[in-house]
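One structure below.
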Amino acid sequence: MKIILTNDYNQMSAVAAEIIASEIKSNAHCVLGLATGSTPIGAYHLLCQMNQAGIISFADVSTVNLDEYVGLPADHNQSYAYFMRKQLFDRVDINQANTHIPCGMAQNLQVECEQYSKLVSTLGVDLQLLGLGSNGHIGFNEPGTPMDSFTHVVQLTQSTIVDNSRLFDDISQVPTRAISMGIADILHAKKILLIASGANKAQAVYDMVAGPVSSNCPASFLQLHPDCTIVIDKGANSILQFE
Ligand code: F6R
């Protein structure tokens, strides 16, 4: 694992945006694996600016997102499809037909999961962006998820529901299930870029980098990936104390 320590959220976002931009510059047809949540918003904003300034183009880029809530339609303002349009897709020159997100409204969720895993492997992710759950999850692969898991329906843990409730009017509105790429889908990417900011991620960062490789901390499986970069800020480094 290569660790890049930054001062704060803004610097973390700038470093992440640069890494993603250089992937796009080196391969205009690259396939990006994308994440939602609070952490990547700054990096997405900078990528939008670079696109508007003509520094990078998404015209030939394809994307696959990690996950989506079960039961929220794509136009629901808390769905990850809506988030991606608002934070990135509607603001850059990407062909929206080349953006892919699991469908949380699929009638047969099992079939949706199998098809999505197949799509991810057929496209072949060049660079997978990840956030980090405070309990060590990546995507929605909660503690206990095995390394050989492919896209599947996840029962969200109470801690993740509580973490995510800040974005809903009431915790009772937070979906309890999601579709998520599995650990095996994620590890299949050629390169991985994980970003984490703030002291509430510090224990998960420590377990991911310095702990045993174990499904107790799904992010620790990233230790096994040959090209994984972690960009953290001081708060997220407060237990690991990487120098
Ligand atoms: C979202 C995702 C999740 C988040 C994680 C951190 O697509 O895959 O693993 O990255 O829950 O969320 P934030 O960034 O909101 O702290």
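Treat the numbers as computed from the prediction; the structure is a model and nothing was measured. When a residue number appears, it is its place in the shown sequence, counting from 1. Read the numbers this way: they start at 1 and go in the same order the structure lists the ligands and their atoms.
If you chain together ILVMFWY residues whose side-chain heavy atoms come under 4.5 Å of each other, Val153 ends up grouped with Val70, Leu109, Ile179. By the 4.5 Å side-chain criterion applied to Ile, Leu, Val, Met, Phe, Trp and Tyr, Tyr80 is assigned to a cluster that also includes Tyr69, Leu72, Phe140, Val154, Leu156, Ile161, Val162, Leu167, Phe168, Ile171, Val174.
Within 6.0 Å of the CZ atom in Phe83, the count of heavy atoms belonging to other residues, nucleotides or ligands exceeds 12.
The stretch residues 174-183 participates, sequence neighbours left out, in no side-chain hydrogen bond (donor to acceptor under 3.5 Å, both in side chains) pair at all.
Side-chain contact annotation: Asp93 with Ser57, donor-acceptor N/O pair under 3.5 Å present.
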Do any nitrogen or oxygen atoms of ligand 1 lie under 3.5 Å from a protein nitrogen or oxygen, and which ones?
unit_1	atom_1	unit_2	atom_2	d
ligand 1	7 (O)	Thr36	N	2.9
ligand 1	7 (O)	Thr36	OG1	2.8
ligand 1	7 (O)	Asp67	OD1	2.7
ligand 1	7 (O)	Asp67	OD2	3.4
ligand 1	8 (O)	Asp67	OD2	2.9
ligand 1	9 (O)	His137	NE2	3.4
ligand 1	9 (O)	Gly139	N	3.4
ligand 1	9 (O)	Gly139	O	2.6
ligand 1	11 (O)	His137	NE2	2.7
ligand 1	14 (O)	Ser38	N	3.2
ligand 1	14 (O)	Thr39	N	2.9
ligand 1	14 (O)	Thr39	OG1	2.4
ligand 1	15 (O)	Ser38	N	2.8
ligand 1	15 (O)	Ser38	OG	3.4
ligand 1	15 (O)	Arg166	NH2	2.9
ligand 1	16 (O)	Lys201	NZ	2.6

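With respect to Ile186, the side-chain contact (heavy atoms from CB on, under 4.5 Å) criterion is satisfied by exactly one of Val120, Ile138, Val125: Ile138.
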